[in-house]
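Have a look at the structure below, then the notes.
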Amino acid sequence: MANSHSHPPPDTLLIGPPQGRRARAFQETLAGLGWPPARVVPYLDLMEGRVSLPGLVKAGTVVRFESPGEDTATELALIERGGGLPVDLKAGELAPTRAWFAGFSTVLRGLEADLCRAPPHLRMQRTEHLLTMFDKPATRARLRAAGVPVPEALPEVNSCDELLHSARERGWSRVFVKLAYGSSASGAVALEWSGERVQAVTTVRQEGGRLYNSRRLQRLRSWPEVRSLIGALAPQRLHVERWLPKASFAGRPMDLRVVVIGGRAEHALVRLGRGPITNLHLGNERGDVAALRAELGAERWRAAMQTCIAALAAFPGALYGGVDIMLTPGWRRMAVLEVNAFGDYHRGVLSGGRDTYAAELHALLGEQP
């Protein structure tokens, strides 16, 4: 995938943890294009004033924000910046996402102000879009206003009792509980009940009064366990949706991550779950996109991709986003579950020989695939 442009490739600046897998993957894509490596500046250096962003941006520089995850020092600094108490997070411990989001918001808005003082440059993301995509209730409201199908949701609830009361008022007995500012299924709970019986499938493990992310799904089957978990998650702000049944494919519950780039939905990934939560890092598997496409048929596949395109269009001017979309059994309905700000890390998913990063760069620079 060597560089074939008549003009020299642009200077690129990546803001994020330099040793993170995402930064390394982006550099690999640039090398494959025959472009020079991106200059990488850590969030911490900017937050602590060691470098000035306007001084790093040249005329024509391509600026990319990357996820601040994978770097514990950055995460802790964001939590403190967001008004959280200094924390000593143990390995795998669930971070206080409410304070994290407040800190990330403050930092991004400061960097936005800095970029407004920089020479003319190109952005791979808009900070307002990043922040809205990280806010699940705000994203759902934006999608719904744009006519994109989404699951029904409860108004904000702050306890297990409020959740159950609000759900029962609507005749629901199955809900998905998410952290409003969570990512990678952190803090997710698939909850269902019938009378006195209850079951929750969750990515959270409780131990010694602390919450930990678990790659092995945990199952709770008593109300005291469920109430304890929901109560522990509630201070981080809950987003509760109606649990829609997912269609099965290859014998497993299935949904799709589609990275929409420049108004095109061509980088799709099938996620086959071992349970109701399909994120790949939980031990779930990639499915066969071509086989699913054949089973859906051209018309249904096109409708699903158009829905993903419409989801990103709800963020006017957004270059890309990772759209999670599900279909119900029999392929009768579809719903967009999330739009992921940093949802383009999908190695080996190509369209026209280009991975997501290469496709984003070419779309940004106005070049045809």
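Among residue pairs with one or both ends in residues 42-62, those qualifying as side-chain hydrogen bond (donor to acceptor under 3.5 Å, both in side chains) are D11-T61, D45-R50, E48-R50; sequence neighbours excluded. The side-chain hydrogen bond (donor to acceptor under 3.5 Å, both in side chains) contacts involving residues 103-127 comprise E112-R123, E112-T127, D114-R117, H121-R123, Q125-Y320, where partners must be two or more places apart or lie in separate chains. Contacts classified as salt bridge (charged side-chain N to carboxylate O under 4.0 Å, His left out) and involving residues 181-202 (residues at least two apart or in different chains) are given here: R174-E192. Applying the side-chain hydrogen bond (donor to acceptor under 3.5 Å, both in side chains) rule to pairs touching residues 299-308 yields nothing, sequence neighbours excluded. Here salt bridge (charged side-chain N to carboxylate O under 4.0 Å, His left out) pairs that include residues 144-163, with residues two or more places apart or in two chains, are E152-R242, E156-R237, D161-R227. Legend: salt bridge (charged side-chain N to carboxylate O under 4.0 Å, His left out) pairs involving residues 89-106, not counting sequence neighbours, sorted by first then second residue: E93-R210.
The neighbour count for R333 CZ, taken as heavy atoms of other residues, nucleotides or ligands under 6.0 Å away, does not exceed 12. Counting heavy-atom neighbours within 6.0 Å of R168 CZ, excluding the residue itself, gives a total above 12.
R64 meets the salt bridge (charged side-chain N to carboxylate O under 4.0 Å, His left out) test with E66, D344, E360; sequence neighbours excluded. For E169, the side-chain hydrogen bond (donor to acceptor under 3.5 Å, both in side chains) partners two or more places apart in sequence, or in a different chain, are H165. When the salt bridge (charged side-chain N to carboxylate O under 4.0 Å, His left out) test is applied to E241, the partners found at least two apart in sequence or on another chain are K178. Taking the ring pair (Phe, Tyr, Trp, His ring centres under 6.0 Å) definition, one finds that F101 meets it with Y181, sequence neighbours left out. Every residue two or more places apart in sequence or in another chain that forms a ring pair (Phe, Tyr, Trp, His ring centres under 6.0 Å) with W243 is listed here: F176.
Side chain of H267 to main chain of H346: no donor-acceptor pair is present (N/O by atom type, distance under 3.5 Å, no hydrogens or angles). A donor-acceptor distance shorter than 3.5 angstrom exists from the side chain of T202 to the backbone of A188, with no hydrogens or angles considered. Without hydrogens or angle criteria, E70 side chain to R21 main chain gives a donor-acceptor distance under 3.5 Å. S228 contributes no side-chain N or O that, together with a main-chain N or O of P224, makes up a donor-acceptor pair within less than 3.5 Å. Between the R140 side chain and the P151 main chain, a donor and an acceptor come within less than 3.5 Å of each other. In terms of modelled atom types and a separation under 3.5 Å, the side chain of E225 and the main chain of R221 share a donor-acceptor contact.
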With side chain to side chain contact (heavy atoms under 4.5 Å, CB included) as the test, would you mind laying out the steps for V62 and M124 before giving the verdict? CA-CA 7 Å; V62 171; M124 293 188 72; 3.7 Å; yes

Is there a side-chain hydrogen bond (donor to acceptor under 3.5 Å, both in side chains) between W193 and Q199 once you walk through the steps? CA-CA 6 Å; W193 63 89; Q199 175 173 273; over 6 Å; no

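Under a 4.0 Å N-O distance rule, the pair R347/E28 qualifies as a salt bridge.
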Only distances under 3.5 Å count here; give the side-chain donor-acceptor pairs of residues 244-254 to other protein atoms, sequence neighbours excluded, each with its distance to 0.1 Å.
{"residue": "K246", "atom": "NZ", "partner": "D255", "partner atom": "OD2", "Å": "3.1"}
{"residue": "K246", "atom": "NZ", "partner": "P276", "partner atom": "O", "Å": "3.4"}

